[in-house]
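Residue numbers count from 1 along this sequence.
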Amino acid sequence: MTLQSGQVFHWHEWNGGFAGLIGGEPVFIAQPAPDLLQCSPGMAEKARVYLGLDHDLPAIAATFPQGDAVLERAVAWCPGLRVLRQPHWECLATFITSALKQVSHIRRMSLALRERFGRPIAGPGLPLQYSYPDPAALAAAGEAALRECGLGFRASYLHRAAVDFMEGKLDFEVLSTLPDADALQSLCSLFGVGEKIASCALLFAWERHGAFPIDVWIERALRDLYFPRRRSISARAVREFAHRHFGPNRGYAQQFLFHWARMTDCGRK
């Protein structure tokens with residue numbers, strides 16, 4: 001569920017598990033039993049860190065609002081779901097291309113960018129894979145070439161972000177030291193990056209579990225399940241409710257709700 005929950009887009013189902021890359025290294029991961037994870041030799045620790053297996057899910061759930069039956073249903077539907085620790089650039093760049101796109105479309109764009117501008121990476125017994133292109137490769141490619149990967153108007157956003165990074169306008173080390181609100185503001189200063197994209201990057205790459213990305217799925221779920229009689233509630237009011245209601249680990253709450261809502265049509269199935 002974690003690898004298919006809209007956090008990351010390059011993993012392939014393969015031989016009963018998943019083939020992918022962690023920090024540019026090929027890895028196979030499978031879960032033959034609820035309490036057993038298998039992975040390629042020598043990759044156990046990197047997989048543990050990447051998958052957030054050290055996150056104390058019961059402690060995180062204990063910070064959720066008491067008596068929230070909606071969130072309790074979401075957690076029960078995907079109880080082992082975890083928030084990943086993704087490489088900063090890869091995660092930010094991928095979500096820059098996500099604007100107004102569904103998960104399947106984001107995946108196609110991500111794979112197209114990898115195959116055209118990334119490095120081929122082979123692993124024993126694994127399919128050929130491609131790294132996510134670094135900022136230098138995307139800056140050199142130019143907007144027109146990025147459009148050929150199906151990005152549309154998002155090509156200009158991604159190209160500008162890559163150029164900004166190469167020119168030193170985007171410093172990930174500095175960003176990592178900032179409080180959540182300042183880090184959000186810093187990312188939102190990038191061309192084409194709004195609060196949703198910035199929140200995704202902070203949650204899935206910078207491990208800021210207080211970030212709460214709101215896209216069409218989450219907004220609809222919050223409206224339908226928390227405000228069924230207030231159809232005119234504003235988007236701002238929904239954001240303020242989410243920030244106030246779900247507590248310090250609201251990003252984890254968001255991911256439970258997002259995956260449950262997307263896969264079950266807001267939990268109605």
Do the side chains of [Y] and [X] get nearer than 4.5 Å, heavy atoms only?
| X | Y | result |
| --- | --- | --- |
| V49 | D54 | no |
| V83 | L203 | yes |
| F165 | D171 | no |
| T2 | R82 | yes |
| V238 | R220 | no |
| M109 | C149 | no |
| Q255 | L81 | yes |
| E13 | F18 | yes |

Just checking [X]: does its [atom1] atom have more than 12 heavy atoms from other residues, nucleotides or ligands closer to it than 6.0 angstrom?
| X | atom1 | value |
| --- | --- | --- |
| H243 | NE2 | no |
| E167 | CD | yes |
| R48 | CZ | yes |
| Q185 | CD | no |

Please determine whether side chain to side chain contact (heavy atoms under 4.5 Å, CB included) holds for the pair C39 and F28, giving the CA-CA distance in whole Å, both sets of side-chain angles, and the decisive distance to 0.1 Å. CA-CA 5 Å; C39 65; F28 173 78; over 6 Å; no

Would you call [X]-[Y] a salt bridge at under 4.0 Å N-O?
| X | Y | answer |
| --- | --- | --- |
| E240 | R244 | no |
| E148 | R116 | yes |
| K196 | D215 | no |

Between V70 and L257, does a side chain to side chain contact (heavy atoms under 4.5 Å, CB included) hold up when you go through it step by step? CA-CA 8 Å; V70 171; L257 288 168; 4.0 Å; yes

R223/E219 under salt bridge (Lys or Arg N to Asp or Glu O under 4.0 Å): CA gap, chis, key distance, verdict: CA-CA 6 Å; R223 289 177 182 276; E219 184 169 348; 2.9 Å; yes

Using the rule that two of Ile, Leu, Val, Met, Phe, Trp, Tyr join whenever any of their side-chain heavy atoms come within less than 4.5 Å, decide whether [X] and [Y] are in one cluster.
| X | Y | result |
| --- | --- | --- |
| L21 | L111 | no |
| M166 | L138 | yes |
| L57 | L53 | no |
| Y252 | L84 | no |
| L126 | I29 | no |

Using 0.5 Å steps for rounding, measure from the [atom1] atom of [X] to the [atom2] atom of [Y].
| X | Y | atom1 | atom2 | value |
| --- | --- | --- | --- | --- |
| D164 | H159 | CG | NE2 | 10.0 Å |
| T97 | R107 | OG1 | CZ | 13.0 Å |
| I22 | S40 | CD1 | OG | 8.5 Å |
| I121 | Q129 | CD1 | CD | 7.5 Å |
| L170 | S189 | CG | OG | 8.0 Å |
| K169 | L190 | NZ | CG | 10.0 Å |

Can you give me the closest heavy-atom contact between [X] and [Y], atom names plus distance?
| X | Y | value |
| --- | --- | --- |
| H245 | D68 | NE2-OD2, 2.7 Å |
| L158 | A93 | CD1-CB, 3.6 Å |
| Y130 | R114 | O-NH1, 2.9 Å |
| A242 | L222 | CB-CD1, 4.3 Å |
| Y226 | L71 | OH-N, 3.7 Å |
| L184 | A198 | CD1-CB, 3.5 Å |

Ring centres under 6.0 angstrom apart (F9, Y132): no

Check whether the ring centres of F246 and F212 lie less than 6.0 Å apart, and answer yes or no. yes

Can you name the residues that form a side chain to side chain contact (heavy atoms under 4.5 Å, CB included) with Q66, not counting sequence neighbours? none

Decide side chain to side chain contact (heavy atoms under 4.5 Å, CB included) for H88 and S176; before the verdict, give the C-alpha distance in whole Å, the side-chain angles of both, and the deciding distance to 0.1 Å. CA-CA 10 Å; H88 292 156; S176 296; 3.8 Å; yes

Residues two or more places apart in sequence or in another chain: which of them pass ring pair (Phe, Tyr, Trp, His ring centres under 6.0 Å) with Y157? F153, F191

Hey, what's the ring geometry for [X] with [Y], parallel, tilted or perpendicular (30° and 60° as the breaks)?
| X | Y | value |
| --- | --- | --- |
| F227 | F241 | perpendicular |
| H55 | H209 | perpendicular |
| W11 | Y50 | tilted |

Looking at [X] and [Y], would you say the former's side chain and the latter's main chain have a donor-acceptor pair under 3.5 Å?
| X | Y | result |
| --- | --- | --- |
| R250 | G210 | yes |
| R154 | S98 | no |
| S199 | A211 | no |
| Q254 | P213 | yes |

The test is side chain to side chain contact (heavy atoms under 4.5 Å, CB included); show your working for F117 and L146 and say whether it passes. CA-CA 9 Å; F117 302 109; L146 299 184; 3.7 Å; yes

Does the side chain of W77 come under 3.5 Å of the side chain of T264 through a donor N or O and an acceptor N or O? no

